[in-house]
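Comments concern the structure below.
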Amino acid sequence: MKTTIAQQLKIKDFPFIINDKDGNRIYYENSTGIWYKREYDANGNEIYYEDSTGYWFNSEYDEHGNEIYYEDSAGKIMDNRPKQVELTLQQIADKIGINVTQLRIKD
């Protein structure tokens, strides 16, 4: 079994809690060795969680605070991230049914 942070630091006063500079709880541990840790993005959104049972999740958020990606250790995945599409001018022309020489790109 891995040594916990409180065990490494020989902490005797529980619960042992670490907060980041923004007041977000990034680590918690109780006297029985049960713990969890969290990470946050610059906007305060929880982007990572892991606990002593082995459960974890990752999340991503867009500029409006909407969750656009989620994945966890149980195999759940939600992916609503914008998809980038790369096409050549010829592929675009073929899709809209015109000759590539008719395409013009506007500023």
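The structure displayed is predicted, hence computed values, not measured ones.
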Exercise. Using a distance-only test with no angle check, is there a side-chain donor-acceptor pair under 3.5 angstrom linking Tyr48 and Glu46?
Worked result: no

For this session: Ignoring hydrogens and angles, tell me if any N or O in the side chain of Asp94 forms a donor-acceptor pair with the backbone of Gly97 under 3.5 Å.
Result: no

For this session: Walk me through it: do Ile5 and Phe16 pass the test side-chain contact (heavy atoms from CB on, under 4.5 Å)?
Result: CA-CA 9 Å; Ile5 292 176; Phe16 175 61; 3.6 Å; yes

Exercise. Yes or no on side-chain contact (heavy atoms from CB on, under 4.5 Å) for Ile17 and Arg25, after CA distance, side-chain angles and deciding distance?
Worked result: CA-CA 7 Å; Ile17 297 169; Arg25 182 171 292 176; 3.4 Å; yes

Problem set entry | Where at least one partner belongs to residues 74-107, residue pairs that pass ring pair (Phe, Tyr, Trp, His ring centres under 6.0 Å), sequence neighbours excluded | none

For this session: Answer yes or no: is there a donor N or O on one side and an acceptor on the other, between the side chain of Thr4 and the main chain of Gly33, under 3.5 Å?
Result: no

Exercise. Counting only N and O atoms by type, is there a donor-acceptor contact under 3.5 Å from the side chain of Asp62 to the main-chain atoms of Gly65?
Worked result: yes

Exercise. Does Asp79 reach the main-chain N or O of Arg81 with its side chain, forming a donor-acceptor pair under 3.5 Å?
Worked result: yes

For this session: Please tell me if the side chains of Trp35 and Tyr27 come closer than 4.5 Å, counting only heavy atoms from C-beta onward.
Result: yes

Exercise. Hey, what do you get for CG (Asn99) to CD (Gln90), rounding to the nearest 0.5 Å?
Worked result: 7.5 Å

Problem set entry | Glu67 side chain reached by Met78 side chain, heavy atoms, under 4.5 Å | yes

Exercise. Just wondering, more than 12 heavy atoms not from Lys83 lying within 6.0 Å of its NZ?
Worked result: yes

Problem set entry | Gap between atom OG of Ser52 and atom CG of Asn30 - 0.5 Å precision | 8.0 Å

For this session: Could you point out which residue of Asp20, Asp22, Ile47 forms a side-chain contact (heavy atoms from CB on, under 4.5 Å) with Tyr40?
Result: Asp20

Problem set entry | Check: Ala6 main-chain N/O paired with Glu29 side-chain donor or acceptor under 3.5 Å | yes

Seminar exercise, completed: Heavy-atom nearest pair, Ser73 first then Gly54, reads OG-O, 3.9 Å

For this session: Could you go through the side-chain contact (heavy atoms from CB on, under 4.5 Å) check for Ile92 and Ile98 one step at a time?
Result: CA-CA 9 Å; Ile92 294 169; Ile98 65 171; over 6 Å; no

Exercise. Is there a side-chain contact between Glu60 and Asp41 (heavy atoms, below 4.5 Å)?
Worked result: no

Problem set entry | CG (Asn66) with more than 12 external heavy atoms under 6.0 Å | yes

For this session: Classify the side-chain pair Thr3/Gln8 by whether it contains a donor and acceptor separated by less than 3.5 Å.
Result: no

Exercise. Rounded to the nearest 0.5 Å, how far apart are CZ of Arg38 and CZ of Phe57?
Worked result: 7.5 Å

Exercise. Sequence neighbours excluded, which residues qualify as side-chain hydrogen bond (donor to acceptor under 3.5 Å, both in side chains) partners of Asp51?
Worked result: Tyr49, Thr53

For this session: Show the numbers, then the answer: is there a side-chain contact (heavy atoms from CB on, under 4.5 Å) between Asn24 and Asn19?
Result: CA-CA 5 Å; Asn24 296 311; Asn19 294 326; over 6 Å; no

